[in-house]
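Please read the structure below before turning to the comments.
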There are 4 protein chains.
Amino acid sequence: MSTPGDVLDDEATPISPATGRPLTKRGEATRRRLLEAAEEVFAEQGYHEASIVKITERAGIGLGTFYLYFDSKQSIFEALVIDLNRRVRHSMSEAMEGAASRLDAERAGFAGFFRFTAQHPALYRVVREAEFVSPEVLRLHYSRIVEGYEAGLRSAQQTGDVDRRLDPAVAAWALMGMGELIGMRFLLWERDADGVPPAELDPAVFDAMAMFIDNALAPRHDQEGGRS
Amino acid sequence: MSTPGDVLDDEATPISPATGRPLTKRGEATRRRLLEAAEEVFAEQGYHEASIVKITERAGIGLGTFYLYFDSKQSIFEALVIDLNRRVRHSMSEAMEGAASRLDAERAGFAGFFRFTAQHPALYRVVREAEFVSPEVLRLHYSRIVEGYEAGLRSAQQTGDVDRRLDPAVAAWALMGMGELIGMRFLLWERDADGVPPAELDPAVFDAMAMFIDNALAPRHDQEGGRS
Amino acid sequence: MSTPGDVLDDEATPISPATGRPLTKRGEATRRRLLEAAEEVFAEQGYHEASIVKITERAGIGLGTFYLYFDSKQSIFEALVIDLNRRVRHSMSEAMEGAASRLDAERAGFAGFFRFTAQHPALYRVVREAEFVSPEVLRLHYSRIVEGYEAGLRSAQQTGDVDRRLDPAVAAWALMGMGELIGMRFLLWERDADGVPPAELDPAVFDAMAMFIDNALAPRHDQEGGRS
Amino acid sequence: MSTPGDVLDDEATPISPATGRPLTKRGEATRRRLLEAAEEVFAEQGYHEASIVKITERAGIGLGTFYLYFDSKQSIFEALVIDLNRRVRHSMSEAMEGAASRLDAERAGFAGFFRFTAQHPALYRVVREAEFVSPEVLRLHYSRIVEGYEAGLRSAQQTGDVDRRLDPAVAAWALMGMGELIGMRFLLWERDADGVPPAELDPAVFDAMAMFIDNALAPRHDQEGGRS
DNA sequence: AATGAATGAGAATTCATTCAT
DNA sequence: GATGAATGAATTCTCATTCAT
């Protein structure tokens with residue numbers, strides 16, 4: 001019905017889907033309240049349990065008003081995923097700033113990712129649910145993150161920090177997948193005795209993972225020129 | 001009402017949830033037809049688009065009959081995920097049989113996983129969707145696979161085939177995550193010019209991934225005893 | 001669909017609705033078990049909550065077997081009401097035996113009615129529910145009881161024990177109604193501190209009612225020949 | 001989920017169960033149409049045969065709209081019984097106004113009750129069915145009527161119009177029961193040759209009943225101080 | 001005589017979306 | 001801009017009854 005394209009140009013000035021005109025200041029505030037409410041409701045209840053009524057009630061606005069700002073439930077969900085993607089990437093790149101080496105940067109990037117996930121555990125579930133709600137948006141989400149990874153790996157290969165024989169695209173997707181499942185297993189599933197989720201990834205797990213990554217990426221002097 | 005526990009003892013003789021008695025031969029056949037139909041419908045339409053009407057129509061049985069065999073849509077979904085888990089693991093262990101070394105076995109396991117995914121692309125989506133439908137069942141699915149991985153890594157560490165400094169649990173989850181995302185990106189998303197999904201994982205991708213894994217797991221003679 | 005007439009000739013040898021032939025000894029036993037089970041289930045759950053499955057399970061027989069003995073859920077319900085009617089009337093006439101006077105007999109009849117109600121509180125609900133399930137059977141139930149009342153009043157008027165100016169039919173229905181509502185209010189609704197229903201009607205209530213009835217029925221010497 | 005309590009405060013401004021807010025004028029009109037339609041449908045078909053589809057069709061509104069005003073079929077039924085209770089009592093107290101004596105008032109009250117029943121024969125069935133749908137509401141219905149009766153009897157005992165030895169509560173329930181069954185037998189069941197229900201209670205029956213009541217209530221000068 | 005698998009009409013209920021105010 | 005009443009397609013689930021074994 002509505003294509004995700006509507007919403008993927010995420011930096012553009014928001015326009016009303018009803019009038020096609022840019023929003024007034026009051027309108028922008030309402031839109032923001034809707035997005036914030038949607039974030040909470042989707043995070044707490046998941047896509048299918050969430051409803052427009054719940055979102056508008058949480059936002060404190062009238063039900064009908066919703067459709068002045070978004071085409072559909074799917075479209076606000078997509079806008080939200082786009083927004084989360086920006087925030088995750090921001091958390092990651094912030095963490096990577098000033099890293100001494102590529103491998104350090106890699107570790108720092110993961111740390112940023114895990115920090116975001118730990119701080120918004122339910123929210124990250126929203127992103128994963130996009131696979132079943134709006135696959136295109138999920139692709140976009142993954143692709144944007146992988147893009148950065150891949151570029152980093154590629155330049156690190158040139159400086160010799162990363163094993164030149166690796167395929168940067170495949171390696172980037174592999175790293176992304178590792179982060180996802182480690183995050184799911186050791187952050188989202190983990191609860192202490194009182195049922196409280198951890199505030200951050202267990203450092204031992206993080207170190208174990210960092211070593212795994214180091215191994216995978218670092219040039220191997222013992223095998224240089226080796227295998228097919 | 002129904003807990004996933006009902007369905008997790010996957011080898012037990014199936015019993016009717018309506019009467020609590022074991023199924024007759026005729027009943028077992030009907031149950032099987034329902035599961036097969038559910039597999040198709042869930043794969044094609046996803047959990048929420050699927051409906052019991054669609055499933056029973058596909059199975060060619062009456063709507064009410066469904067409830068003689070399953071409590072709800074969720075319960076047949078869970079039974080299906082359990083069944084898929086068994087089949088994925090079978091595909092993996094079959095592929096690993098007779099591997100010469102641990103690293104070979106690892107590669108072979110991935111190959112088995114990718115083969116299954118390539119042959120049932122939509123089906124694997126079903127498993128992933130379980131995260132949002134029946135999280136306990138998804139945990140079980142992942143845990144069962146990881147369990148095997150972890151045991152394999154642990155014994156390979158003893159023989160020295162795998163870097164002893166790695167944490168086998170973390171490594172196992174990392175490998176699992178890699179497989180998932182590589183499979184998603186290079187199998188489920190991939191289409192040729194005619195929109196046909198690939199029959200198998202692109203060998204170049206597979207090799208690239210194999211090298212990544214080898215790097216990650218193999219003992220590093222140049223750093224032996226090295227880092228924190 | 002099925003008319004209550006099927007079942008109203010309550011003393012006839014029961015015949016199978018399926019074959020139209022009289023039941024064998026084994027068949028009669030099964031029929032009796034069904035009726036007993038139905039009595040319990042209807043009493044506990046009411047007509048609409050009760051189901052054939054529940055009845056046959058309680059009776060310990062197969063579901064399909066039910067239809068060898070009764071046409072429908074309604075028809076077993078009707079059979080049950082007929083049966084209860086017989087038992088209530090038996091309880092009443094037993095109590096009335098050997099009463100010294102008509103007014104004594106009247107009181108005794110009520111006592112018999114209340115005793116039955118107190119002993120089978122839920123069961124008497126079944127009879128009342130017949131108004132909404134099978135009105136003809138309820139009419140029959142009431143009419144049969146009223147018939148006896150009316151005859152008793154009529155003959156007592158001849159002996160002068162009961163005010164000759166009263167219309168025996170109207171008086172009989174009035175008495176019936178009194179019994180019903182007093183029974184409902186002071187037996188079915190009453191619970192002690194532990195939620196236990198009373199084992200019998202509170203004697204004070206019974207006496208108060210008896211005086212009301214005495215007043216209503218006894219000839220009034222002070223007004224004899226009086227009012228319109 | 002919904003307790004009958006929701007609906008028992010019958011004079012309160014109606015609020016939407018969906019939003020919890022008071023109704024707009026338009027909303028109140030819709031609610032009234034629903035109640036009127038429900039009255040007809042319940043009266044014609046009984047509680048279990050009635051359905052929300054039938055009610056909304058009769059009301060000429062959309063199916064989903066029903067749930068903006070009532071939680072469930074049971075809840076509109078309860079609202080209806082409450083409403084009928086108010087109307088019956090109104091009919092009774094109107095008839096009793098200006099009665100010369102207590103016994104006259106008693107007769108007049110019954111006349112009012114029978115008039116209402118005669119004018120809405122099917123409707124009174126609705127009230128009786130409440131016993132099996134929502135027992136609390138039925139209790140409330142009876143209790144409210146009996147309350148008035150009892151107070152009237154008590155004060156008439158003080159003036160000496162009613163036999164002081166009677167228990168007013170028991171007498172009130174007895175009178176209520178008489179009215180119910182006389183009404184059922186001589187109004188609801190009665191049909192003339194063309195199957196038309198009577199427009200009012202047969203005066204002969206009414207007089208017979210009035211005499212019964214007079215007898216029951218009037219002080220007996222011949223026995224004053226008499227029995228146990 | 002007994003069984004229980006199969007059936008499908010029908011019920012209640014939800015919720016994204018529209019539109020008149 | 002904002003509102004919330006109205007809508008109805010779609011969904012899940014129940015259960016009296018049938019019928020082949």
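Letters A, B, ... are given to chains in the order of the sequence lines, protein chains preceding strands, and every chain is numbered from 1. For clarity, every value in this text was computed on a predicted model and none was experimentally measured.
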Residues that A:Tyr47 engages under ring pair (Phe, Tyr, Trp, His ring centres under 6.0 Å), provided they are two or more places apart: A:Phe42, A:Phe77
Residues forming a side chain to side chain contact (heavy atoms under 4.5 Å, CB included) with C:Gln45, sequence neighbours excluded: C:Val41, C:Glu49, C:Lys54
Closest-nucleotide 5' rank along DNA chain F - winner of B:Thr65 and D:Ile61: D:Ile61
Nearest listed nucleotide, side chain of B:Thr30, among E:dA1, E:dT7, E:dA6: E:dA6
Rounded distance (Å) that lies between atom P of E:dA2 and atom CZ of C:Phe70: 13 Å
Side chain of D:Leu68 - closest among F:dT7, F:dG1, E:dA5: F:dT7
Counterpart residues, side chain to side chain contact (heavy atoms under 4.5 Å, CB included), relative to D:Glu131 (two or more places apart): C:Arg125, C:Arg128, C:Met184, D:Leu138
Residue list, side chain to side chain donor-acceptor pair (under 3.5 Å) with B:Glu57, at least two apart or on another chain: none
Report all interatomic pairs (protein N or O, nucleotide N or O of nucleotides 9-13 of chain E) with separations under 3.5 Å.
| unit_1 | atom_1 | unit_2 | atom_2 | d |
| --- | --- | --- | --- | --- |
| E:dA12 | OP2 | D:Ile52 | N | 3.3 |
| E:dT13 | OP2 | D:Tyr67 | OH | 3.2 |

Partner residues of D:Thr65 under the side chain to side chain contact (heavy atoms under 4.5 Å, CB included) criterion, sequence neighbours left out: D:Thr30, D:Ile61, D:Leu68, D:Tyr69
Integer-rounded Å distance: F:dT7 P and D:Glu57 CD: 12 Å
Presence of A:Arg26 side-chain N/O under 4.0 Å of F:dA2 phosphate oxygens OP1/OP2: yes
Shortest non-hydrogen contact from A:Phe70 toward A:Ser75: CB-OG, 3.5 Å
Non-neighbouring partners of C:Lys73 that pass side chain to side chain donor-acceptor pair (under 3.5 Å), sequence neighbours left out: none
Minimum heavy-atom distance A:Glu78-A:Val137, with the two atoms named: CG-CG2, 3.5 Å
Atom-pair distance (CD on C:Gln74; P on F:dA16), nearest Å: 12 Å
Main-chain N/O of C:Ala130 paired to C:Ser134 side chain as donor or acceptor, under 3.5 Å: no
Test side chain to side chain donor-acceptor pair (under 3.5 Å) applied to B:Glu129 - qualifying residues, sequence neighbours left out: none
d(OH, B:Tyr69; P, E:dG4) in whole Å: 13 Å
Side chain to side chain donor-acceptor pair (under 3.5 Å) involving A:Glu44 - partner list, sequence neighbours excluded: A:Arg58
Residues within residues 33-46 of chain B bordering DNA chain E, heavy-atom distance below 4.0 Å: none
Net bend of the helix from E:dA2-F:dT21 to E:dT21-F:dA2, end axes of five pairs each, nearest 10 degrees: 10°
